[in-house]
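Here the structure is a predicted model, which means the values were calculated and not measured. If you read the sequence from its start, that first residue is 1, and numbering goes on from there.
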Amino acid sequence: MKMSPSKLKNTTTTTPTSDAVDSNNNIPKSPFSARLLMMATPLASPMKKALTYMEEIGHFTKLQDDWLPITESRSGNAYYAAFHTLSSGIGVQALLLPLSFITLGWIWGIISLSLIFMWQLYTLWLLIQLHESLPAVRFSRYLRLSMAAFGEKLGKILALLPTMYLSGGTCVTLIMIGGGTMKIFFQTVCASNGHITPLSTIEWYLVFTVSAIVLAQLPNLNSIAGISLVGSISAVSYCTITWVISVVKERPQGVSFEPVENKSDVARICSILNALGMIAFAFRGHNLVLEIQGTMPSSLKNPSHVPMWKGVKFSYSIIALCLFPLAIGGYWAYGNLMPNGGILSALDKYHGEDTSKAILGITSLLVVVHCLTSFQIYAMPVFDNLEFRYTSNKKQPCPWWLRIGLRIFFGCLAFFISVALPFLPSLAGLIGGIALPVTLAYPCLMWIMIKKPKRYGASWFVNWLLGLLGLVLSVLLVFGAIWTIATQGMDVHFFKPQ
């Protein structure tokens, strides 16, 4: 198999398959044999230069993959994929799902939840197939796949901000939620002990950040598989405990399922968009699926998409068993009385007195554990990107002391942002609307650009339809978020976390 110069240039921006290139595609590891064949020809000199360049670039790219946290270990399997996908696929934003039913109602709420679940599962399948969509190339990072599909400049513009927000922004949010839940856990467990001085919110943020940084010293994505397993168990547990207690306990008086009336048609439309946004944002992790698949070995006989899809199918079956009962059971239990904090806030508000403190404390502790474990997998692409800059410039692996320093730096930066901008979650709808195409639109469009399905065929039509619909939905969500901020205002305060 020979590669043209244009294809060679593209492979430098993606992650080549180490196994498939060397053993299955019969590409020589060195160009010595080709040089012997070309020595007697007039093209010997330029051909030697091209082959030498090809050897140097391929060798360095393969070495760089071995140096970076995501592709440093290729020993992943379907179990690891299930752990990582489940831990990153369930988040505390799922606890807000019952709020969407207040606007959409029973029928449209269930229909919307089901359609978006199937939509994002389909785009997950597309990404898994696109991971090895070109010969001898593995796209182990979402940004690299975007650049291959849309071009280097446009691919960066479309994917860089959303993917970095989904990684870094999620870590900042996890510090806020995890630190705040630590405070609630302390108040629940130690409320009767007046001799213990409670910590402030900033101090709890610091405790959470230090804990997350200590765990972040594990070297690569495969090494945190056990942590992702613990995070998966904790996420499934607190989601199940929350909706089961809400359904079993007596419903509060005044529960109603009548749709909330809005003063204007624009307000009603924005409420519907906000509800759809809550459902769409409950499903996350698409910016990590290529990275997770990149930790697996792959060859022509045993491609990585087979075990990856097995792991994703198992994990999303569990996710469905968590999110659907959470949304439907939570709305049934509290109806329009659901507070803005979601079902966990409703549980504390309406059943805080008649529920065992041990159960409430365990639920809070499980949320903290899941936030700590999710921090690791969402921070890994950031660590990978920081080390990529160093290895590209220095042409050598990142030393251990610098790797530790980079991870401490990122943790401190995330802590600073969480303290300096405590109103950041209020902008989640706006920034989430910008990031939505990463989940629902870009995979469909990248499939068309790379796979080039038959024009006007079923695959061509479906992917264009879903891709454009995802972009339109993103624009509408951004508009709805801006309208909501403009009409309702936003409490902006710096360095004063509640």
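Counted within 6.0 Å of CZ on Phe423, heavy atoms from surrounding residues, nucleotides or ligands total more than 12; the atom is thus considered enclosed. Residue Phe257 places its CZ atom among more than 12 non-hydrogen atoms of other residues, nucleotides or ligands, all under 6.0 Å distant. Around OH of Tyr122, the count of heavy atoms belonging to other residues, nucleotides or ligands within 6.0 Å exceeds 12. Sparse packing is recorded around NZ of Lys156, with 12 or fewer heavy atoms of other residues, nucleotides or ligands lying under 6.0 Å away. The environment of Trp108 atom CH2 is sparse: at most 12 non-hydrogen atoms of other residues, nucleotides or ligands sit within 6.0 angstrom. No more than 12 heavy-atom neighbours from other residues, nucleotides or ligands sit within 6.0 angstrom of CH2 on Trp483.
Two residues are said to be in side-chain contact when any heavy atoms from C-beta on lie closer than 4.5 Å; Tyr80 and Leu221 fail this criterion. Using a 4.5 Å heavy-atom cutoff, the side chains of Leu124 and Tyr316 are in contact. A heavy-atom distance below 4.5 Å is not found between the side chains of Met338 and Tyr331. Using a 4.5 Å heavy-atom threshold, the side chains of Phe324 and Leu97 count as separate. You'll find the side chain of Leu440 stays beyond 4.5 Å of the side chain of Leu466, heavy atoms only. Side-chain contact between Thr181 and Cys371 is absent, with no heavy atoms from C-beta onward closer than 4.5 Å. Side-chain contact between Phe101 and Leu104: absent, with no pair of heavy atoms (C-beta onward) separated by less than 4.5 Å. Residues Ile128 and Gln293 form a side-chain contact, since some pair of their non-hydrogen atoms from C-beta on lies under 4.5 Å apart.
You'll find the ring centres of Phe415 and Tyr205 outside the 6.0 Å limit. Taking the six-membered ring wherever Trp is involved, the centroid distance between the rings of Trp125 and Trp447 falls below 6.0 Å.
If you check the side chains of Glu291 and Ser140, you find no donor sitting under 3.5 Å from an acceptor. Between the side chains of Thr439 and Gln120, not a single donor N or O lies within less than 3.5 Å of an accepting N or O. No hydrogens or angles considered: nothing links the side chains of His351 and Thr355 as a donor-acceptor pair under 3.5 Å. For Lys183 and Thr201, the side-chain atoms include at least one donor-acceptor pair closer than 3.5 Å. With 3.5 Å as the limit, one finds a donor-acceptor pair spanning the side chains of Ser246 and Tyr334. Between the side chains of Tyr442 and Asn287, no donor N or O sits under 3.5 Å from an acceptor N or O.
The two residues Pro307 and Ala78 make their nearest non-hydrogen contact at O-CB, 3.4 Å.
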After noting the C-alpha distance and the side-chain angles of Met446 and Leu127, does the key distance pass the side-chain contact (heavy atoms from CB on, under 4.5 Å) rule? CA-CA 9 Å; Met446 289 189 293; Leu127 288 175; 3.9 Å; yes
Evaluate the criterion side-chain contact (heavy atoms from CB on, under 4.5 Å) for residue pair Ile202 and Leu206; output intermediate values, then yes/no. CA-CA 6 Å; Ile202 294 178; Leu206 182 60; 5.7 Å; no
Determine, stepwise, if the pair Ile90 / Cys239 fulfils side-chain contact (heavy atoms from CB on, under 4.5 Å). CA-CA 9 Å; Ile90 298 181; Cys239 287; 3.9 Å; yes
List the steps and the verdict of side-chain contact (heavy atoms from CB on, under 4.5 Å) for Asn274 and Met278. CA-CA 6 Å; Asn274 187 49; Met278 289 180 186; 3.3 Å; yes
Step by step, would you call Trp204 with Phe208 a ring-ring contact (aromatic ring centres under 6.0 Å, His included)? CA-CA 6 Å; Trp204 282 117; Phe208 180 89; over 10 Å; no
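Tested against Phe150, the residues Leu145, Leu158, Ile450, Ile157 include a single side-chain contact (heavy atoms from CB on, under 4.5 Å) partner, Leu158. None of Asn385, Thr71, Thr163 except one satisfies the side chain to side chain donor-acceptor pair (under 3.5 Å) rule with Arg141; the exception is Thr71. Applying ring pair (Phe, Tyr, Trp, His ring centres under 6.0 Å) to Phe383 and the options Tyr378, Phe410, Phe409, Phe375 leaves one that passes, Phe410.
Of the possible polar contacts, one joining the His131 side chain to the Phe139 backbone as a donor-acceptor pair under 3.5 Å is found.
Geometric assessment of Arg144 against the ring of Phe388 yields a positive cation-pi assignment under the 6.0 Å and 45° thresholds.
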